[in-house]
K.L.:
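Have a look at the structure that comes next, please.
Naming convention: chains lettered A, B, ... in sequence-line order (proteins, then strands); numbering from 1 in each chain. Side chains are part of it too, since the values below use all heavy atoms of this structure and drop only hydrogens, waters and symmetry mates.
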Amino acid sequence: MVSFLLTVRLLCAYNKPMSQPNSCELEVLDLVPFGQTGNESRFFALRLGRPNWNIWCPGQFVMLRPHNFGLDIPWARPLAICHMTARHMICFFQVRGKGTRRMAELRPGDKVRVWGPLGNGFVMEPDTPTLLLAGGMGIVPFVGYVSEHLKPWNVSMLFGHREHISCYPVDSINEHIPVDSLREPENGDLDNFIYTIQERMREYAEQKGLVLACGPSPFLRTVQTFAAELGVRCQISLETRMACGVGACLGCVTKTTTAWPVGEKRERHVQVCTHGPVFWASQVAL
Amino acid sequence: MDLSVTLKGQTRDLVLKNPVLTASGTFGYGLEFVTYGDLSELGGIVVKGLSLHPREGNSSPRIIETTAGMLNAVGLQNDGVESFCLEKLPRLPWHKTSIIANIYAASVDEFAELAARLDQEEGVAALEVNVSCPNVKAGGALFGQDPALASSVTSAVRRAAPHKHIMVKLSPNVTDIALMARSVEDAGADSISCINTLLGMAVDIQTRRPSLANVVGGLSGPAIKPVALRCVWQVARAVKIPVVGLGGILTAEDALEFMLVGAKAVQVGTGNFMRPDCAFALTQTLPAVCERLGIDNLTSFCGSLQLDS
């Protein structure tokens, strides 16, 4: 058991890809709508058979391309791994465009092509006080994070969202840690959310803790600014448009800063899919 | 079934173990795909476009999905030829499959310098001369739209890399692609690959902005296959040197369509994004598809399109 725990810790602690990614065909087990009923649902948990890779790290993602995309929707969609069990992989998505609309039509038994696990994950330091900051759909990789964490009592979460809380997989996180949630449908509430982020980050800076954030770009920019001001160790997970997910299309690049560890790649473009999606906040320019 | 193909050039031949190559810019340096298949099973790998010095490429957004295709305006981001020769090439299985270096430069002299550098590399089997990139300001597609310029680039590369097979990649964004093909053949090209992307554009009516930072970009994917097929057919009839077809190829059947109109080999491009094992799967299924169609010799099948009504 000790060596198992040590292995998990070592694998997750150094921010490296965990397993050799491969491409496989998985079966849809079910598609569960989230949120209030009445309107057409826009939030879904997609439960698939478990892929044949066994090691992964929360924060990593997969490229998912259902057969029903046909030829007209050429790209797979990058999705954070929400959760893995012994038999299933769960992804979570919001209907935003034609790809996710087509995904919402999936039925049990349908086939999807999945390649992964891709990119790197969030650092996991069981003994370090860790603050998770999630904006909207940015909550998804944290479901896996809190369930894989060895000492969840050292983890807390602040969750800002626009839609009703029932749209998001908050219950899966609440099973492990309490979630502080703030809904910000109005502009005034946004200021309150930003203030709360700053105050919580200050606490973790004082405790020499760790801050991990995932959400829309303006939210990540705010977190990045506070992290620099407060001097707290902080990782952010970027979401960008991707065609391949494996580093080939060069569509998802982001610019690094002078803090990037490799000299010749400072202030250069790097792929989010292979160098991220999780980055140290100080090392990328948003 | 013997799938090997020899692209008989005017100066140098290129022997491929099978006719399936991966297209430049869609397969990285090959190393990105090692967990999805065995690189040495491919007929060849055309690596991401190399320039003399590292290039940062265009700003984002650089890619956008379109119906049955995609637009890209990456702008030839790459680490430069030295980094390729020192860091990537030694890790590629060049003794088992053909590594083809796609090259781009902003001037004829620079093309020659780049070609001379790669001529020294044992691991490089051929050069693919990119006279057709629509996404860079200097040179780029201009070389591929002016027969005289394309010809001078081709002959400069030919002279600078006497040991390599020289493949010239043509743009479809021209009035008469056969004319371009004849110019590069006359200038000493060993083979021609076509087509590069079609210049295209996408806009957002909500934000009233272009979808790409570069405004325009290159269209690729299944959407362009009929255009590519037409170009390959026209080029194959216009020249004696072998033609390598690409544009929207995903399956063995697609590959055979290009071979039927005259291609000796094919390249898989955007398909590599649609599933990372696309080129591997195509290579593996090709013999069975040939058998089903009663094709026992690919060489005689190439260009066997019947035109009589």
K.L.:
Can you tell if the side chain of A:Met63 reaches within under 4.5 Å of the side chain of B:Arg275, non-hydrogen atoms only?
P.N.:
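Answer no - side chains too far apart.
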
K.L.:
What part of B:Ile64 lies closer than 4.5 angstrom to a heavy atom of chain A: side chain, backbone, both or neither?
P.N.:
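Contact with chain A: backbone and side chain both.
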
K.L.:
Heavy atoms under 4.5 Å from chain A: which residues of residues 36-54 of chain B carry them?
P.N.:
B:Tyr36, B:Lys48

K.L.:
Kindly compute the distance separating OG1 (B:Thr67) from CG (A:Leu71), expressed to the nearest 0.5 Å.
P.N.:
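Nearest 0.5 Å value for the OG1-CG distance: 11.5 Å.
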
K.L.:
Please classify the contact of B:Thr270 with chain A as side chain, backbone, both or neither, using a heavy-atom distance under 4.5 Å.
P.N.:
neither

K.L.:
With a 4.5 angstrom heavy-atom cut-off, is it the side chain or the backbone of A:Glu25 that approaches chain B, or both, or neither?
P.N.:
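Neither part; nothing is under 4.5 Å.
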
K.L.:
Could you tell me the separation between the SG atom of A:Cys249 and the CZ atom of B:Phe27, rounded to the nearest 0.5 Å?
P.N.:
14.0 Å

K.L.:
Judged by modelled atom types alone, do A:His269 and B:Arg55 share a side-chain donor-acceptor pair under 3.5 Å?
P.N.:
no

K.L.:
Considering only heavy atoms, which portion of B:Phe33 lies under 4.5 Å from any heavy atom of chain A: side chain, backbone, both, or neither?
P.N.:
side chain

K.L.:
Please classify the contact between B:Ser60 and chain A as side chain, backbone, both or neither, with a heavy-atom cut-off of under 4.5 Å.
P.N.:
side chain

K.L.:
Quick one, A:Arg65 and B:Met274 - any side-chain contact, counting heavy atoms below 4.5 Å?
P.N.:
yes

K.L.:
Does NZ in B:Lys96 sit with more than 12 non-hydrogen atoms of other residues, nucleotides or ligands closer than 6.0 Å?
P.N.:
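Atom NZ in B:Lys96 is not crowded, with 12 or fewer foreign heavy atoms closer than 6.0 Å.
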
K.L.:
Is the side chain of B:Thr35 donor-acceptor paired with the backbone N or O of A:Pro21 at a distance under 3.5 Å, no angle test?
P.N.:
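Yes; at least one donor-acceptor contact below 3.5 Å.
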
K.L.:
Counting only heavy atoms not in B:Arg209 (residues, nucleotides, ligands), do more than 12 fall under 6.0 Å from its CZ?
P.N.:
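It does not: B:Arg209 CZ has 12 such atoms or fewer within range.
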
K.L.:
Locate the shortest heavy-atom distance separating B:Val74 from A:Leu250; write the atom from each residue and the value.
P.N.:
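Residues B:Val74 and A:Leu250, closest heavy atoms: CG1-CB, 3.9 Å.
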
K.L.:
In terms of heavy-atom pairs under 4.5 Å, which option from A:Cys244, A:Pro74, A:Ala76 contacts chain B the most?
P.N.:
A:Pro74

K.L.:
Give me the atom names and distance for the closest heavy-atom approach of B:Gly28 to A:Ala248.
P.N.:
N-CB, 3.7 Å

K.L.:
Mind listing the side-chain donor-acceptor pairs of residues 84-91 of chain B below 3.5 Å, one per line with the distance, residues two or more places apart or on another chain?
P.N.:
from: B:Lys88; atom 1: NZ; to: B:Asp79; atom 2: OD2; distance (Å): 2.9
from: B:Lys88; atom 1: NZ; to: B:Ser83; atom 2: OG; distance (Å): 3.1

K.L.:
Check whether any side-chain N or O of A:Arg241 sits under 3.5 Å from a backbone N or O of B:Ile63 as a donor-acceptor pair, and report yes or no.
P.N.:
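Yes, A:Arg241 side chain to B:Ile63 backbone: donor-acceptor pair under 3.5 Å.
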
K.L.:
Distance from A:Met242 atom CE to B:Glu65 atom CD, nearest 0.5 Å?
P.N.:
14.0 Å

K.L.:
Counting neighbours of CD on A:Glu239 that are heavy atoms of other residues, nucleotides or ligands and sit closer than 6.0 Å, is the number greater than 12?
P.N.:
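No, the 6.0 Å shell around CD holds no more than 12 heavy atoms from other groups.
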
